[in-house]
Amino acid sequence: MTEIRWGIIGCGNVTEVKSGPAFNKIAGSRLAAVMRRDGNKARDYAQRHGVPKWYDDADKLINDPEVNAVYIATPPDSHKEYTLRVAAAGKPVYVEKPMARTFSECREMIFACAKAEAPLFVAYYRRRLPAFLKVKELIETGAIGEPRLVSIQLILPPRKEDLDPKNLPWRVKPEIAGGGYFYDLASHQLDVLDFIFGPIVSAKGTAANQAGWYPAEDIIAAHFQFKSGVMGSGVWCFTAAESAKTDQIEIVGSEGKIHFGTFTHEPVRLQTAAGVEEFNLPPPAHIQQPLIQTVVDELLGRGTCPSTGVTAARTNWVLEEILSQ
């Protein structure tokens, strides 16, 4: 390939700012076509973003000879189906997170892409954001000595739409999302920890639905261990009071600790015997652009992407292990 000509399946909200515009801002990359089942919305997106083609049929986009790579930005229940179709067309795939509803679906996606020799990437974009790269750098340079443990707390109030049983968001419907907000949000946290420490090799948890507002779990407690020996624990609650909101990950080492948020973009804080140091590293305007850059670089033979089907499937495995207890 000398130019990556992208097609997007599912040009919804996530593609408006987070990802869509980035495809035209990277050298050797451009957005050639978009698809949405509602043709009027697909046409509107194409017109607003200056995209030459739009479709209401995914197969027409996949088989368009002008499109040589596909970004799947639909809910997780269709990730496997579309990935298999794109792989059958022999084209690279960049798929939204979580990679699929189940670890089994992830494995099918990996196998199909490998068989077709079609590269498979997943949109765990925190692997290329400055704040998380700084955390990884601090760990690798021994800023806190030997890492001992990591703890996660994500406590959030319900969203307005969670309280309308007739119009629940797809993110709290397990048949679409795989789980609830745990799959949607904790997947980011567990994946970035995989990036920092390597694979998690054991995980157990307890989950419940305390509020009863939707079918999915709304509170989870877990503990896990990385292959490196680092131990971890986490608590997630999505029905708490507004005043209880918490978004923090803390990594404790033999000589200090690191504190950072996943979704709040607060400064990374390093605390050691020498004192406290903060690193303010805000994300870019199009938050997926640094990761998409690595996808383009790999496809053009000038680099590698750190978020693949193999790495992303590990996160699905951990999510599944925690909820299966």
Side-chain angles (χ1 to χ4, degrees), residues 1 4 9 19 69-74 76-129 132-133 135-136 139-140 150 177-179 182-203 224-230 232 288 290-324:
M1 292 184 178
I4 311 306
I9 296 177
S19 59
V70 178
Y71 168 38
I72 300 169
T74 57
D77 64 330
S78 57
H79 286 183
K80 186 191 82 169
E81 174 191 350
Y82 285 134
T83 296
L84 268 54
R85 291 191 206 176
V86 177
K91 298 180 181 182
V93 184
Y94 176 57
V95 64
E96 266 301 330
K97 47 61 58 187
M99 181 175 167
R101 293 175 298 180
T102 67
F103 180 58
S104 176
E105 288 183 346
C106 293
R107 294 181 67 181
E108 289 184 62
M109 294 161 69
I110 292 168
F111 178 79
C113 287
K115 184 177 180 181
E117 298 184 351
L120 175 58
F121 309 98
V122 181
Y124 280 117
Y125 54 83
R126 281 172 174 79
R127 288 178 174 244
R128 293 304 300 169
L129 291 185
F132 303 98
L133 290 172
V135 173
K136 185 173 175 66
I139 295 294
E140 292 178 346
V150 56
F182 180 64
Y183 263 55
D184 186 45
L185 301 176
S187 59
H188 272 299
Q189 298 171 309
L190 293 165
D191 179 81
V192 83
L193 291 174
D194 177 290
F195 175 60
I196 293 168
F197 293 115
I200 291 172
V201 294
S202 66
F224 41 90
Q225 183 173 8
F226 296 86
K227 186 177 181 180
S228 64
V230 173
Q288 290 199 28
L291 183 67
I292 294 170
Q293 177 75 65
T294 68
V295 174
V296 172
D297 287 346
E298 180 163 335
L299 294 178
L300 293 179
R302 61 193 189 196
T304 58
C305 175
S307 185
T308 66
V310 171
T311 64
R314 294 201 297 254
T315 293
N316 263 85
W317 179 82
V318 175
L319 295 169
E320 210 163 278
E321 287 291 294
I322 290 171
L323 292 190
S324 66

Sorted by chain and number, sequence neighbours left out, side chain to side chain donor-acceptor pair (under 3.5 Å) with S187 holds for none
As a quick check of understanding, evaluate side chain to side chain contact (heavy atoms under 4.5 Å, CB included) for T315 and L319, giving each step before the final call. CA-CA 6 Å; T315 293; L319 295 169; 4.2 Å; yes
Non-hydrogen side-chain atoms of E321 and F224 separated by less than 4.5 Å: no
Got V70 and P92 here, is their nearest side-chain heavy-atom distance under 4.5 Å? no
Side chains of T311 and Y124: do they bring a donor and an acceptor to under 3.5 Å? no
Nearest 0.5 Å, what's the OG1-CG distance between T294 and L299? 9.5 Å
Any side-chain heavy-atom pair of K115 and F111 under 4.5 Å: yes
How long is the span from the CG atom in L193 to the NZ atom in K136, to the nearest 0.5 Å? 11.0 Å
Between Q288 and Y125, is there a donor-acceptor pair closer than 3.5 Å when you use the side chain of the first and the backbone of the second? no
Using a strict 4.0 Å threshold on nitrogen-to-oxygen distance, state whether R127 and D191 make a salt bridge. yes
Keeping E105 on the side-chain end and K80 on the backbone end, is there a donor-acceptor pair under 3.5 Å? no
Crowded around K227 NZ? As in, over 12 foreign heavy atoms under 6.0 Å? no
How far apart are the closest heavy atoms of F226 and I200, and which atoms are they? CE2-CG1, 3.4 Å
So, do Y94 and Y71 have ring centers that fall under 6.0 Å from each other? yes
Are D184 and K97 close enough that some pair of their side-chain heavy atoms sits under 4.5 Å apart? yes
Using 0.5 Å steps for rounding, measure from the CD1 atom of I4 to the CD atom of E298. 10.5 Å
Here the pair of heavy atoms bringing A87 nearest to A118 is CA-CB, 4.3 Å
Taking it one step at a time, do I110 and M99 satisfy side chain to side chain contact (heavy atoms under 4.5 Å, CB included)? CA-CA 10 Å; I110 292 168; M99 181 175 167; 3.8 Å; yes
Report the C-alpha separation of V296 and R302 in whole Å, then their side-chain angles, then the decisive distance to 0.1 Å, and conclude whether the side chain to side chain contact (heavy atoms under 4.5 Å, CB included) test is met. CA-CA 8 Å; V296 172; R302 61 193 189 196; 3.7 Å; yes
CA sep, side-chain torsions, deciding dist, call: M109, H79, side chain to side chain contact (heavy atoms under 4.5 Å, CB included): CA-CA 9 Å; M109 294 161 69; H79 286 183; 4.3 Å; yes
Using side-chain hydrogen bond (donor to acceptor under 3.5 Å, both in side chains), reason through T74 and Y82 one step at a time and then give a plain yes or no. CA-CA 9 Å; T74 57; Y82 285 134; over 6 Å; no
